[in-house]
There are 2 protein chains.
Amino acid sequence: MTRILVVDDEPQILRALRINLAARHYAVAVAEDGAAALRQAADWHPDLVVLDLGLPDMDGVDVIHGLRGWTHVPIIVLSGRAGSADKVDALDAGADDYVTKPFGVDELLARIRAVTRRTSVPDGDEPSVRVGDHVVDLTGKTISGGVRLTPTEWHLLEILARNPGKLISQRQLLHEVWGPAYSKETNYLRQYMVQLRRKLERDPAHPVHLITEPGMGYRFQP
Amino acid sequence: MTRILVVDDEPQILRALRINLAARHYAVAVAEDGAAALRQAADWHPDLVVLDLGLPDMDGVDVIHGLRGWTHVPIIVLSGRAGSADKVDALDAGADDYVTKPFGVDELLARIRAVTRRTSVPDGDEPSVRVGDHVVDLTGKTISGGVRLTPTEWHLLEILARNPGKLISQRQLLHEVWGPAYSKETNYLRQYMVQLRRKLERDPAHPVHLITEPGMGYRFQP
DNA sequence: ACGGACCTTGATGCGTTCTTGACGAGCGAG
DNA sequence: CTCGCTCGTCAAGAACGCATCAAGGTCCGT
């Protein structure tokens with residue numbers, strides 16, 4: 001289920017979007033100001049953010065920057081300002097689309113579909129990877145041999161497996177899985193890497209696929 | 001260089017876009033009807049298509065379908081029709097964005113940047129350099145031949161490798177890697193240059209790629 | 001309320017990496 | 001020729017990061 005975070009300070013818009021999105025079977029969370037939006041995004045990891053630029057506590061463009069600092073989650077901006085400069089600023093800050101209020105709900109829904117389609121398609125090219133004796137199906141969330149992973153373990157493994165051979169910094173992993181507030185909690189990483197290795201590696205003490213790069217991060221080696 | 005195919009039957013729009021895009025260092029091709037657009041896309045493989053829906057020979061939505069049959073190239077639609085249904089049809093057919101005419105050139109350019117940013121990041125260009133017998137991948141932090149570098153070694157090598165052929169002063173290297181307080185500790189540099197050469201150079205005693213410029217700094221020679 | 005699965009958090013031991021000092025070789029200047 | 005400087009090399013203790021174990025804590029369904 002696609003998770004959408006709606007950020008707006010006008011209750012009627014919030015209400016209308018929540019109803020419409022829920023009717024289309026999206027999971028919806030809402031935030032009424034920029035600080036709450038950033039917190040929600042970090043906690044909940046939405047698949048899409050619908051962001052009103054006119055927030056009470058901070059500039060909408062700063063919210064975009066705050067999100068882009070650690071995630072590439074698609075952002076669709078809503079704004080009452082139709083000026084060209086406003087659009088350019090928001091898009092160049094990292095927004096994916098810009099819709100001028102008043103907007104048609106049908107149009108917004110179509111743009112949501114367009115943006116989610118674009119981001120979900122490239123992911124689907126590598127459905128399964130091999131780790132040791134097991135075959136991991138990233139899309140189906142299944143592993144051969146009766147191995148089961150917890151949600152956090154899946155999240156971690158996915159990030160690594162989608163970048164085979166590439167080093168992923170611990171900072172990036174912590175940001176993606178636990179949120180920006182946990183950049184320093186490397187214990188979490190150690191803990192979960194141990195569990196992943198225990199479940200997937202043939203010899204957990206001498207990992208072949210889930211490699212530690214001391215002081216830098218981790219790497220998935222196919 | 002990003003290649004953009006512009007599809008429009010109005011000569012003045014074609015002309016304006018061609019000039020503006022060329023000025024931003026995009027490679028531009030044009031087509032004046034749907035059939036030509038499909039042919040051009042197949043031949044030239046553009047990185048982005050800007051498509052006017054009001055073409056003389058066929059419906060714009062059919063052009064989108066024709067493209068989507070074999071490619072996921074981003075499509076930005078231009079249209080004089082502002083109706084919600086038109087937008088929904090085009091977006092659901094596979095368009096990535098929908099801009100209503102008349103449009104601001106700045107806005108279109110920003111939307112082009114937004115769309116290309118999203119599609120080009122996952123592709124991930126792989127800047128790799130050769131040092132002696134080894135191939136160094138700076139983004140994946142990998143080196144051929146099973147060579148491993150420590151974080152500090154990577155940091156140092158990155159600065160040098162990102163400026164091939166250029167002389168980097170010791171002051172600058174120390175400043176970047178160890179911080180402003182260590183501008184005088186040239187022994188650190190000596191220490192780590194030795195290790196880098198030992199790991200990368202064919203003959204560490206007579207370096208070919210990691211060159212010392214006595215009294216000034218170091219240079220990476222590709 | 002209870003039990004289990006999952007997530008957080010702390011502590012310990014060990015291997016690697018970093019830091020730091022010292023010494024000799026090479027080189028140009030006086 | 002000698003001095004002064006910089007660089008390459010070596011060595012050793014300090015500091016750091018990681019794997020691992022273990023113990024709450026939280027949230028869920030029975």
For a quick test of reading the model: is some side-chain N or O of [X] closer than 4.0 Å to OP1 or OP2 of [N]?
X	N	result
B:Tyr182	C:dC18	no
B:Gln170	D:dC7	yes
A:Thr212	D:dA19	yes
B:Tyr218	D:dG8	yes
A:Trp178	C:dT8	yes

Atom [atom1] of [X] and atom [atom2] of [N]: how far apart are they, to the nearest Å?
X	N	atom1	atom2	result
A:Asn187	C:dT12	CG	P	14 Å
B:Leu189	D:dT9	CG	P	15 Å
B:Glu201	D:dT9	CD	P	11 Å
A:Tyr192	C:dC6	OH	P	9 Å
A:Met216	C:dT17	CE	P	11 Å
A:Gln191	D:dT20	CD	C1'	9 Å
A:Lys184	D:dC18	NZ	C1'	17 Å
B:Leu173	D:dC7	CG	C1'	15 Å

Taking only distance into account, with no hydrogens and no angle test, what donor-acceptor pairs under 3.5 Å do side-chain atoms of residues 20-27 of chain A form with protein atoms, sequence neighbours excluded?
unit_1	atom_1	unit_2	atom_2	d
A:Asn20	OD1	A:Arg24	NH1	3.2
A:Asn20	ND2	A:Ala16	O	3.0

Query raised in the report: Got a sec? Which of residues 148-167 of chain B come in under 4.0 Å of DNA chain D, heavy atoms?
Result: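 Those residues: none at all.
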Query raised in the report: Contact class for A:Glu185 vs. all strands (heavy atom < 4.0 Å): base, sugar-phosphate, or nothing?
Result: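 Since no nucleic acid heavy atom lies under 4.0 Å of A:Glu185, the category is nothing.
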Query raised in the report: Do B:Arg219 side-chain atoms and B:Gly165 backbone N/O form a donor-acceptor pair below 3.5 Å?
Result: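 Yes, B:Arg219 side chain to B:Gly165 backbone: donor-acceptor pair under 3.5 Å.
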Query raised in the report: Can you tell me if A:Asp96 uses its side chain to pair, donor with acceptor, with the backbone of A:Ile75 under 3.5 Å?
Result: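 Flag set: sc A:Asp96 to bb A:Ile75 pair under 3.5 Å.
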Report task. Measure from the side-chain heavy atoms of A:Arg198 and tell me the nearest of C:dT19, D:dC21, D:dA19. Result ->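 For the A:Arg198 side chain, the nearest candidate turns out to be D:dC21.
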Query raised in the report: Of the nucleotides D:dC7, C:dG21, C:dC7, which one has an atom closest to the side chain of B:Arg190?
Result: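 Nucleotide nearest to B:Arg190's side chain: D:dC7.
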Considering residues, nucleotides and ligands other than [X], do more than 12 of their heavy atoms fall under 6.0 Å from its [atom1]?
X	atom1	value
A:Arg68	CZ	yes
B:Lys166	NZ	no
B:Arg3	CZ	yes

Query raised in the report: What about A:Gln195, does its side chain sit under 3.5 Å from the base of C:dC6 through a donor-acceptor pair?
Result: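 In this structure, the two groups form no donor-acceptor pair.
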**Report entry** Polar contact flag, side-chain donor to acceptor under 3.5 angstrom, B:Gln191-B:Gln195
**Finding:**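 Yes - a donor-acceptor pair under 3.5 Å links their side chains.
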